[in-house]
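A quick write-up on the structure given underneath.
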Amino acid sequence: MTDFTATRAQFDLPDGIIYLDGNSLGPLPKAAAARVARTVTEEWGQLLIGGWNRAGWMDMPARAGDRIGRLIGAPEGTVVVGDTLSVKVYQALASALELRRNRKVILSDSGNFPSDLYMADGLVRTLATGHELRIVEPEEVANALTEDVAVLLLTEVDYRTGRRHDMRRLTERAHAAGALTIWDLAHSAGAFPVDVAGAGADFAVGCTYKYLNGGPGAPAFVYVAHALADRVRPALSGWLGHEAPFAFDLAYRPGAGIARMRVGTPPILQLAALDAALDVWEGVDLSDVRTRSIDLSELFIAEVESRCPDLTLASPRDPAARGSHVSFRHPEGFAIMQALVARGVVGDFRAPDILRFGFTPLFIGTKDVRQAAVILEDILSGRTWDRDEFRRRATVT
Ligand SMILES: Cc1ncc(COP(=O)(O)O)c(C=O)c1O
């Protein structure tokens, strides 16, 4: 059994804050601050450029990849870390399209994160070989898998509503139609057990700053199924994905397997923070995380629905059809969320009207959930959100 009191003690959470936004930016693991400081002073400071070899910096993307692989059901040597998630989406998509040259459709859905769609759109324009990005409603995906679809590009958990696709079933359907699959696990990795290999996914990508707590700007990960890894030709063919980067050949030759999905110099300070954040997962059973996340989410929904009749549940009612966040709608959602944050309950807002709350059992418990619902009720019943100061929008909502 996972000891959630012990995991909570490993995070540095400010006093008086109920943090229901670990699905957007995970909090600081105490060990990460010390690890980054050590990497700065002892490694960068003392070893200088020798850090690449003597501190193992160059192997960090593969090491972090294997550690994340254990959380998403990916065998050793099939995941590597680096760049941003948007970049990893582009890389995976370019590779997949090349493996299905005779097909021209990228199928996605309206619940996908816009950046994934923007990257697909940019790639289609760059290729200029007649590809089409086809976007359907989430419920229509299975039926839209026609014989012209090259790739199914989906985010497993909808960033707004928390609605979760059935990865195994849709992957099977895609394969039956002759298409490849790319799964964006931004809201899945660390949220519940994921089994990319078991589901037969061809590619998976995800970020490490949400449930994995790697810190702001932490690098992304990419998974390529074993059977494909030596067949993909990276579109972003940077020197660190080359078979022999330090041979400085003028011609690009892809590295073996997943190594070819590396691009350029890895962000060592971020990788140090991520490595410390991944230590928290040692001894954590993701099925315990899932059970507790459902308990917390169900409790929150029940409390909010009984206390706050003005809010409408935007997430699926069936917990099996959700990820690990819960959303409610209200036309004044932005101001309400600002008022909540001012009272120490941190969730976030997604346009046009979504109040989003993440349930992250590593550091959130039932007492937090009850208290958050009480404060939300107080704000709504007293209309304390109805002030100009709570309507002012900063860059990040
Ligand atoms: C589902 C999903 N995909 C892609 C992205 C974009 O990630 P990045 O900003 O790391 O490129 C995000 C960011 O939150 C996301 O939630």
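Nothing here was measured: the structure is a model prediction, and the numbers come from that model.
Leu107 is not listed as a side-chain neighbour of Leu153, based on a closest heavy-atom distance of 4.5 Å or more. The shortest distance between side-chain heavy atoms of Val304 and Phe328 falls below 4.5 Å. A heavy-atom distance below 4.5 Å is not found between the side chains of Met1 and Asp285. Residues Val105 and His131 form no side-chain contact, since every pair of their non-hydrogen atoms from C-beta on lies 4.5 Å or further apart. In this structure, the side chains of Leu212 and Leu71 come closer than 4.5 Å at one or more pairs of heavy atoms.
Annotation for Leu48: atom CG counts as buried by contact number, over 12 foreign heavy atoms lying within 6.0 Å. Within 6.0 Å of CH2 in Trp52 there are more than 12 heavy atoms belonging to other residues, nucleotides or ligands.
Side-chain atoms of Thr161 do not come within 3.5 Å of backbone N or O of Asp158 as any donor-acceptor pair. The main-chain N or O of Gly323 is found under 3.5 Å from a side-chain atom of Arg290 such that the two form a donor-acceptor pair. In this structure a side-chain-to-backbone donor-acceptor pair under 3.5 Å is present from Asp230 to Gly257. Looking only at distances, a side-chain donor or acceptor of Gln91 sits under 3.5 Å from a matching main-chain atom of Met261. Distance alone, capped at 3.5 Å, places no donor-acceptor pair between the Asp66 side chain and the Glu76 backbone. The closest donor-acceptor contact from the side chain of Ser315 to the backbone of Ser327 lies under 3.5 Å. A donor-acceptor contact shorter than 3.5 Å is absent between the side chain of Asp386 and the backbone of Arg383.
Taking the six-membered ring where the residue is Trp, Phe300 and Phe357 present tilted rings, their angle falling between 30° and 60°.
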Quiz prompt | Residue pair Trp239, Tyr252: steps toward the ring pair (Phe, Tyr, Trp, His ring centres under 6.0 Å) verdict | solution = CA-CA 8 Å; Trp239 73 304; Tyr252 179 77; over 10 Å; no
Quiz prompt | Trp183/Ser188 under side chain to side chain donor-acceptor pair (under 3.5 Å): CA gap, chis, key distance, verdict | solution = CA-CA 10 Å; Trp183 287 96; Ser188 311; over 6 Å; no
Practice problem: Go through the steps for Arg322 and Asp318 under the test salt bridge (charged side-chain N to carboxylate O under 4.0 Å, His left out), then give the verdict. | Solution: CA-CA 7 Å; Arg322 291 195 304 261; Asp318 174 9; over 6 Å; no
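Judged purely by distance below 3.5 Å, without hydrogens or angles, the side chains of Asp109 and His165 pair a donor atom with an acceptor atom. Defined by atom type and a distance below 3.5 Å, a donor-acceptor pair is present between the side-chain atoms of Ser24 and Asp348. Between the side chains of Ser293 and Ser324, at least one donor N or O lies within less than 3.5 Å of an accepting N or O.
Ring to ring, Tyr223 and Phe221 are not that close: their centroids are 6.0 angstrom or more apart.
For residues 174-202, the pairs satisfying salt bridge (Lys or Arg N to Asp or Glu O under 4.0 Å) are Arg168-Asp195, with sequence neighbours left out.
Both cation-pi conditions hold for Arg164 and Phe192: the charged atom is under 6.0 angstrom from the six-membered ring centre and inside a 45 degree cone around its axis. With Tyr159 as the aromatic partner, Arg350 does not meet the cation-pi criteria of under 6.0 angstrom to the ring centre and within 45 degrees of the ring axis.
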For residues 114-127, tabulate all N or O donor-acceptor pairs below 3.5 Å that involve a side-chain atom, not counting sequence neighbours.
unit_1: Ser115; atom_1: OG; unit_2: Ser86; atom_2: OG; d: 2.7
unit_1: Asp116; atom_1: OD2; unit_2: Thr155; atom_2: OG1; d: 3.4
unit_1: Thr126; atom_1: OG1; unit_2: Gly122; atom_2: O; d: 2.8

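Applying the side chain to side chain donor-acceptor pair (under 3.5 Å) test to Glu147 and every residue at least two apart in sequence or in another chain returns nothing.
Between Ala177 and Leu145, the shortest heavy-atom contact is CB-O, 3.4 Å. Closest of all the heavy-atom pairs between Ala144 and Val149 is O-CG2, 3.7 Å. Across all their heavy atoms, Tyr211 and Ala186 have their closest contact at CD1-O, 4.2 Å.
Taking a cutoff of 4.0 Å between a charged side-chain nitrogen and a carboxylate oxygen, Arg35 and Asp275 qualify as a salt bridge.
The distance from the CG atom of Asn53 to the CG atom of Asp59 is 8.5 Å, given to the nearest 0.5 Å.
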